Amino acid sequence: GSITDSSGAISFGNENLSTTGTLASGALTVTGSVTSDGLIVGDSEALTMGTGTDATLQFDGTNTVLATAAQLVLTPTTDTIFSNDTGVVVGYTAKLASQASVTPEFQVIGTSALTDAAMGLSLFNTSAQGPIFNFARSAHASIGSHTRLAAGDHLGNIDFSATNGTNFAVVAGIQVIAESNHDGAGDLPTAMLFKTSADGTASSTERMRIDSAGSVYIGDTANANMTV
């Protein structure tokens, strides 16, 4: 049967409603309990949304799991923030180290280079601009604060890693550094380095450099055997 008051609503005052079965109201199905503090769904129990099992939200004792057979659409009205050291992984169940001591917080992991292990930036407009992938660097320890770089500081790296049978090792890369101290807003000299690994080695070595004057050096090191 049912419990109703004169307006057709259920009222328990300051008391709690608890159930070990299913509490249903329209399209909402809850297995767990409802208390005066809010809706409580026990470990390994699911909150079902939609008809049938269109979507379920569950805490399995370790993880919060949202399962849906349809698209997951987020429509926030402000920025979506992920706290520091909290990763976002697409295509797998955990973060993986991509090189020694480096486990990226954002990862796309898959088994097909054409589909689930690919990333893209696409821009559709009538301007002359294209998509932007930007590396930004400050020598200040606080996020949002600015300190100019010193000679040799890295502005960014694009690393290429290969497995050695156990772990990933960086075997090629492109690196941009501050060529000398960045002494002012109008004095920010940089150099771009290109690195590869030789046969019989498992670490990359600088092979080519474009310096702040636009000169191109090719060889072993920028200060010894490289030639213009």
Side-chain angles (χ1 to χ4, degrees), residues 72-92 94-110 113 115-163 167-197 202-218 221-223 226:
L72 176 62
V73 180
L74 303 178
T75 55
T77 57
T78 187
D79 294 339
T80 300
I81 307 297
F82 293 89
S83 61
N84 189 37
D85 294 327
T86 301
V88 176
V89 180
V90 178
Y92 193 58
K95 294 190 294 183
L96 300 178
S98 60
Q99 56 181 279
S101 303
V102 177
T103 303
E105 291 201 9
F106 179 77
Q107 299 190 25
V108 178
I109 304 171
T115 54
D116 56 359
M119 294 179 60
L121 300 175
S122 301
L123 175 65
F124 299 86
N125 66 25
T126 58
S127 75
Q129 295 180 337
I132 297 173
F133 194 88
N134 179 248
F135 294 86
R137 173 74 201 281
S138 168
H140 201 286
S142 298
I143 294 176
S145 299
H146 294 270
T147 298
R148 289 190 291 270
L149 305 183
D153 285 351
H154 298 183
L155 278 75
N157 303 287
I158 300 176
D159 293 332
F160 300 86
S161 299
T163 182
N167 301 301
F168 285 114
V170 177
V171 293
I174 302 172
Q175 182 181 83
V176 176
I177 65 171
E179 189 174 63
S180 59
N181 291 339
H182 287 183
D183 295 324
D187 186 18
L188 308 174
T190 57
M192 180 174 287
L193 289 56
F194 297 82
K195 302 180 178 182
T196 62
S197 294
S203 60
S204 59
T205 302
E206 182 181 346
R207 305 300 188 187
M208 184 174 77
R209 175 181 296 218
I210 304 174
D211 70 7
S212 60
S215 298
V216 178
Y217 296 83
I218 299 174
T221 64
N223 299 316
M226 280 192 166

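Keep in mind that this is a model prediction, so the values were computed, not measured.
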Distance (rounded to the nearest 0.5 Å) between K195 NZ and T205 OG1: 8.5 Å
Show the atom names and distances, to 0.1 Å, of all donor-acceptor pairs under 3.5 Å that link a side chain in residues 146-153 to residues at least two apart or in another chain.
| unit_1 | atom_1 | unit_2 | atom_2 | d |
| --- | --- | --- | --- | --- |
| R148 | NE | H182 | O | 3.0 |
| R148 | NH2 | D183 | O | 3.4 |
| D153 | OD2 | A150 | N | 2.8 |

Closest contact, heavy atoms only, I210 versus V216: CG1-CG2, 4.1 Å
Candidate pair M119 and F133, rule side chain to side chain contact (heavy atoms under 4.5 Å, CB included), full reasoning: CA-CA 12 Å; M119 294 179 60; F133 194 88; 5.5 Å; no
Shortest non-hydrogen contact from K95 toward E105: CD-CA, 4.2 Å
Other residues, nucleotides, ligands: >12 heavy atoms within 6.0 Å of Y92 OH: no
CD1 (I143) with more than 12 external heavy atoms under 6.0 Å: no
Check: S161 side chain, Q99 main-chain N or O, donor-acceptor pair, under 3.5 Å: no
Non-hydrogen atoms of A202 and S197 that approach each other most closely: C-OG, 4.4 Å
F82 atom CZ, over 12 foreign heavy atoms within 6.0 Å: no
pair V102-F168: side-chain heavy atoms closer than 4.5 Å: no
Closest approach of L96 to Q107 (non-hydrogen atoms, all atoms of both residues): O-NE2, 2.8 Å
Atom of I177, atom of L155 and distance for their closest heavy-atom approach: C-CD1, 3.6 Å
Main-chain N/O of T190 paired to S212 side chain as donor or acceptor, under 3.5 Å: no
Whether R209 side chain and A191 backbone form a donor-acceptor pair below 3.5 Å: no
Over 12 foreign heavy atoms within 6.0 Å of CG, L123: yes
Side-chain donor or acceptor of N125 paired with backbone N/O of S127 under 3.5 Å: yes
